[in-house]
Number of protein chains: 2
Amino acid sequence: MFDESVQDAWRKRYGVDAPPLPDLSKFLNHRSVRKYRDEPISDTLLAALVAAAQSAATSSNLQLWSVISVQEKERREQIAMLCGDQHQIRDAGVFLAFFADHHRLRQAALRQNELAEGLSYAEFFIMAVIDAALAAERMVCAAEALGLGICYIGALRNDAEGIKQFFGLPEGTFGVFGLCIGWPEAPLKAEIKPRLRQEAVWFRERYESEVDTAEYDERMRAFYESQRMKGDVTWSTRSGRRVDLHHMTGRDTLLGWLREQGFLLN
Amino acid sequence: MFDESVQDAWRKRYGVDAPPLPDLSKFLNHRSVRKYRDEPISDTLLAALVAAAQSAATSSNLQLWSVISVQEKERREQIAMLCGDQHQIRDAGVFLAFFADHHRLRQAALRQNELAEGLSYAEFFIMAVIDAALAAERMVCAAEALGLGICYIGALRNDAEGIKQFFGLPEGTFGVFGLCIGWPEAPLKAEIKPRLRQEAVWFRERYESEVDTAEYDERMRAFYESQRMKGDVTWSTRSGRRVDLHHMTGRDTLLGWLREQGFLLN
């Protein structure tokens, strides 16, 4: 399904020919897939993907994350509406929500008469977010290796309280992102997206503050045009608008919600 | 190097036989590797791994992360000391530091006369941490597929200010974790670590608050014994101690540092 060679994938990412590379095509071929065949993900397949997720590194083996699969049709409709009405949430073979999770560890610690006071620091919130992300991305790499397509859903953070009610979340749990997984509709329409050149994100020994994004802006302008996205935009103009105060989609209240939810972030 | 079958890996993770599974052995076989052969990672190989990292999903294509490779011998010694004196940081083929990075986007936005005010919210800090983690874990999966071993270094957060000075970090950048990558020393001594059973981390439709970790505690007690780790410990006792106030290793001051560093987390 994702059948670009590693050289082709490199060219699409960076707009230049690749050096001689080991065959990492499976890892360079990622793109977000939003159109799926109407075909479920079996429970066994999902269990295999969860095992991949659990095989990711986790800080001090604390396993500060959880995942909930949503399969019931009506609940899929509800969660889609909670996440900006994105159709792929309804249509995917499975929808998963990933959580930063202090609850399980806190319960285990309390049973040992340990107070788990460290969890009140920002450090342990960050650790749980990292744990959830590492687990999810290993699952994603495994899914893509099997020919599945995926789409992350950041909009799970649009309405943190709504998500809490929807899943019945206890204190110390936070929906970090959603993940659609399914069999891609053929022919695949999603394209590999260009990225910043390596020298803009990968530095040697020390941080390099002066990064020229003009070259990338032009590549992205051409990419947006090829995708028939409206307006004369570059990466800088589009990204600049994405981080203005009018595009927070409810997420400007997240800190207050997190603290009420037991992530004190001290 | 990591040559367990997917069934063997499952048994080591969960302590029970596996159901019939697709061959995801490459993804289930992860373990932290701390002993490496004295053999460098070539620049081309590293570029291929960076391309894998950049191929990970990134929220709204904002690419809010960066990576710095440390190869100079003296600097490797210094960064090892900043990260709790862990020998694998010195010995690995390469040491990488991953950053949550608002700097590049803020500069690009300012050039477009956009103020990027959204970046002052906790949401965009979380987004950058997620971006860094997704990128790193895709790199890790790619590296392991090539037979390389890896070890994440959470201790990069022990001394955020020291790390800032070491790398010359500008405002809006934060060292999320380090990553050692190298060719594992043979015979491989690192073992696949048992994890919580799937029913403890994967729920259907709704969160399940009551998780029994007693079974896992016993499996981990046996695992710790097999690794000749001292003391009579279970996962719960060990994890409970890990999150008490005496084990913060400098990370209890992270929130204040982040705010001084330009992550306002509003």
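Residue numbering restarts at 1 for every chain, and letters A, B, ... go by the order of the sequence lines.
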Honestly, the part of B/E199 sitting under 4.5 Å from a heavy atom of chain A is neither

Assess the side chains of A/R238 and B/N61: does a donor N or O sit below 3.5 Å from an acceptor N or O? no

Counting only N and O atoms by type, is there a donor-acceptor contact under 3.5 Å from the side chain of A/Q107 to the main-chain atoms of B/V211? no

Over all atoms of both residues, closest heavy-atom pair of B/G240 and A/A109: CA-CB, 4.0 Å

Counting C-beta onward and ignoring hydrogens, is there a side-chain heavy-atom pair between B/I126 and A/F174 closer than 4.5 Å? yes

Select one option (side chain, backbone, both, neither) describing which atoms of B/R138 are under 4.5 Å from chain A's heavy atoms. both

Between B/L254 and chain A, which part of the residue has a heavy atom less than 4.5 Å away: side chain, backbone, both or neither? side chain

Side chain to side chain, A/L255 and B/N266, heavy atoms closer than 4.5 Å: no

Measuring heavy-atom distances to chain A, does B/S32 have an atom under 4.5 Å in its side chain, in its backbone, in both, or in neither? neither

Which atoms of B/Y216 approach chain A - backbone, side chain, both or neither, heavy atom under 4.5 Å: side chain

Sort B/F125 into side chain, backbone, both or neither according to what part of it lies under 4.5 angstrom from a heavy atom of chain A. side chain

Would you say that B/E72 contacts A/R204 through its side chain, given a criterion of any heavy-atom pair below 4.5 Å between the two side chains? no

A/E205 side chain to B/Q71 main-chain N or O, any donor-acceptor pair under 3.5 Å? yes

Side chain from CB out, backbone as N, CA, C, O: work out which of these in A/Q78 comes under 4.5 Å of a heavy atom of chain B, or both, or neither. neither

Closer than 3.5 angstrom, by distance alone: can the side chain of A/E137 be matched with the main-chain N or O of B/A56 as a donor-acceptor pair? no

A/F124 and B/V243 have their tightest heavy-atom pair at CE2-CG1, 3.5 Å

Rounded to the nearest 0.5 Å, the OG atom of B/S239 sits from the CD atom of A/E114 at a distance of 10.0 Å

Taking atom NZ of A/K26 as the centre, does the number of heavy atoms from other residues, nucleotides or ligands within less than 6.0 Å exceed 12? no

Are any of the side-chain heavy atoms of B/D101 and A/Y207 separated by less than 4.5 Å? yes

Do the side-chain N and O atoms of B/R13 and A/S55 include a donor-acceptor pair separated by under 3.5 angstrom? yes

A/R111 bridged to B/D217 by N-O distance under 4.0 Å: no

Check whether A/E123 reaches the backbone of B/M248 with its side chain - one donor and one acceptor, N or O, closer than 3.5 Å. no

Please look at B/R75 and chain A and tell me whether the side chain, the backbone, both or neither of the residue comes under 4.5 angstrom of a heavy atom of that chain. side chain

Quick one: what part of B/M220 sits under 4.5 Å from any heavy atom of chain A, side chain, backbone, both or neither? side chain

With a 3.5 Å cut-off and no angle check, do the side chains of B/W202 and A/S69 form a donor-acceptor pair? yes

State, yes or no, whether a side-chain contact exists between A/R251 and B/Y121 at a heavy-atom distance under 4.5 Å. no

Verify, without hydrogens or angle tests, whether B/R206 (side chain) and A/F166 (backbone) share a donor-acceptor contact under 3.5 angstrom. no

Just so I understand: if I count every heavy-atom pair under 4.5 Å between each of A/V70, A/V50, A/T213, A/L258 and chain B, which residue has the most? A/V50

Taking C-beta and beyond as the side chain, do B/L24 and A/L49 meet within less than 4.5 Å on heavy atoms? yes

Please answer whether the main-chain N or O of A/L196 pairs with a side-chain N or O of B/Q63 as donor and acceptor at a distance below 3.5 Å. yes

Heavy-atom nearest pair, A/A145 first then B/F27, reads CB-CE1, 3.8 Å

